[in-house]
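Sequence positions, counted from 1, serve as the residue numbers for this chain.
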Amino acid sequence: MNIDVLTDKQLTLLEESIGQAEKIVVCCHKSPDGDAMGAVLAWSDYLQSQGKAPRAIVPDAYPDFLRWLPGSETLLRYDKHKEEADRIVAEADLVFCLDFDGLDRLDAMAAAMDNFKGRYVLIDHHTNPRIPGALALSFPEMCSTCELLFRIICQLGGFERMNRHMAVALYTGMMTDTGGFTYNSTRPEIYHVIGQLLTKGIDKDKIYRNVFNVFSPWAIRLRGYLMSQKLNVFDDFHASYFTISRRDMKNFHFIKGDVEGLVNEPLKIKGMKLSISLREDDRRDRVVWVSLRSVDDFPCNRMAAEFFDGGGHLNASGGHLNCTLAEAETIVHTAIIRYESLLKG
């Protein structure tokens, strides 16, 4: 099966960019998820296999359930080491932007890019890349940035040198960005890629357990509480939402990752088309994080862009609101009513 994705021109430009660079930075979006983490770690390993010494920088904390990933201990957190990270970016001549479409997705780290004078290469699967002057390798049809990276690495001739650590990172990104291959994962190429990754000795069942079966007792209690007490179901609209307040998080000793994937749970209700989660920021007032999941052809990304200052993919998107949790609920009600025809259709 032919899984090449780059044109000859894109491939040449990428090879030249890597070959000519002396100092390389690899980064991803704020609040890195499995795809972002897998992409940064796997691509850094690939660059090392080419004789480069990339520095991998993430804007802030990533979930505890991803700390087992090989190489995660080498990541530099911008929010913890700002001065060092600023210096590294300023001295770099090539920055790889993985799994995000615009520099604003770096949050506070975006300011560091003001002093960067080199070249950007964007490798992503979101729509509408927004980094001026970047070599944009953007393919929204990919299930994940990690699928795209696997295909690029192969096209660069790197499959034979791919080690197990790289394969683990890539599979983790593909698995997490598709909800365990339950959405955005119907193309046969995806399973060809999985088969090739298995030849590198990865244990996909163990990877699943490492990511999804690592909750604390408090996390399980929190998840049960949210589904039993905070879930709002609109049967006529085939939609639902739930809220997570600071008080909820405090009462259940919340740590990052405790509600990972919970937004998918209401979609198990028969006939449900849309699920939305609203989570108060645990530190900043009037910031609410929004996650949306859907089935079939309901456009999460359109709703996220229109109501929640966000975006993403057809069935999995996110955004945020600068308001109280109660005000966010009102906005969700408005969004659901606005999309009544699609939800009821």
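- In plain terms, the two heavy atoms of Asn128 and Asp101 that are nearest each other are O-CB, 4.0 Å.
- Checking side-chain atoms of Asp258 against main-chain N and O of Ile255 turns up a donor-acceptor pair under 3.5 Å.
- Of the charged side-chain nitrogens involved, at least one lies within less than 4.0 Å of a carboxylate oxygen, so that Arg151 and Glu147 count as a salt-bridged pair.
- The aromatic rings of Phe252 and Trp218 sit perpendicular to each other, their planes meeting at more than 60°, with 30° as the lower class boundary.
- Across Asp285, Asp281, Asp282, Asn251, a single residue satisfies side-chain hydrogen bond (donor to acceptor under 3.5 Å, both in side chains) together with Arg246, and that is Asp285.
- Taking every heavy atom of both residues into account, His192 and Ile3 meet most closely at CD2-CG2, 3.7 Å.
- Here the closest heavy-atom approach between residue Ser277 and residue Phe242 is recorded as CB-CZ, 3.3 Å.
- The aromatic rings of Trp289 and His320 are tilted relative to each other, their planes meeting at an angle between 30° and 60°.
- Judged by a 6.0 Å distance limit and a 45° cone about the ring axis, Lys200 is positioned over the six-membered ring of Phe159.
- Ring-plane geometry between Tyr241 and Phe234 is classed as parallel, the angle between the planes falling under 30 degrees on a 0 to 90 degree scale with a further cut at 60.
- Using a cut-off of 4.0 Å between Lys/Arg side-chain N and Asp/Glu carboxylate O, Asp205 and Arg209 are scored as not salt-bridged.
- In this structure, a donor-acceptor pair under 3.5 Å is absent between the side chains of Asn163 and His165.
- Leu197 contributes atom CG, which lies 9.0 Å from atom OH of Tyr171 (distance to the nearest 0.5 angstrom).
- Within the cation-pi definition used here (under 6.0 Å to the ring centroid, within 45° of the axis), Arg338 does not qualify as a partner of Phe307.
- Here the OG1-NE2 distance, from Thr145 to His29, works out to 7.5 Å after rounding to the nearest 0.5 Å.
- The two residues Tyr46 and Gly158 come nearest to each other via the heavy atoms CE1-CA, 4.2 Å.
- Ion pairing of Glu91 with Arg55 is absent here, as no side-chain N (NZ or NE/NH1/NH2) approaches a carboxylate O to less than 4.0 Å.
- Side-chain N/O atoms of Asp177 and His125 include a donor and acceptor closer than 3.5 Å.
- The shortest non-hydrogen separation linking Tyr78 to Ala85 is CD1-CB, 3.4 Å.
- Ion pairing between Glu16 and Arg119 fails under the 4.0 Å rule for side-chain N and carboxylate O.
- Using a cutoff of 4.0 Å between basic side-chain nitrogens and carboxylate oxygens, Arg130 and Asp104 are scored as salt-bridged.
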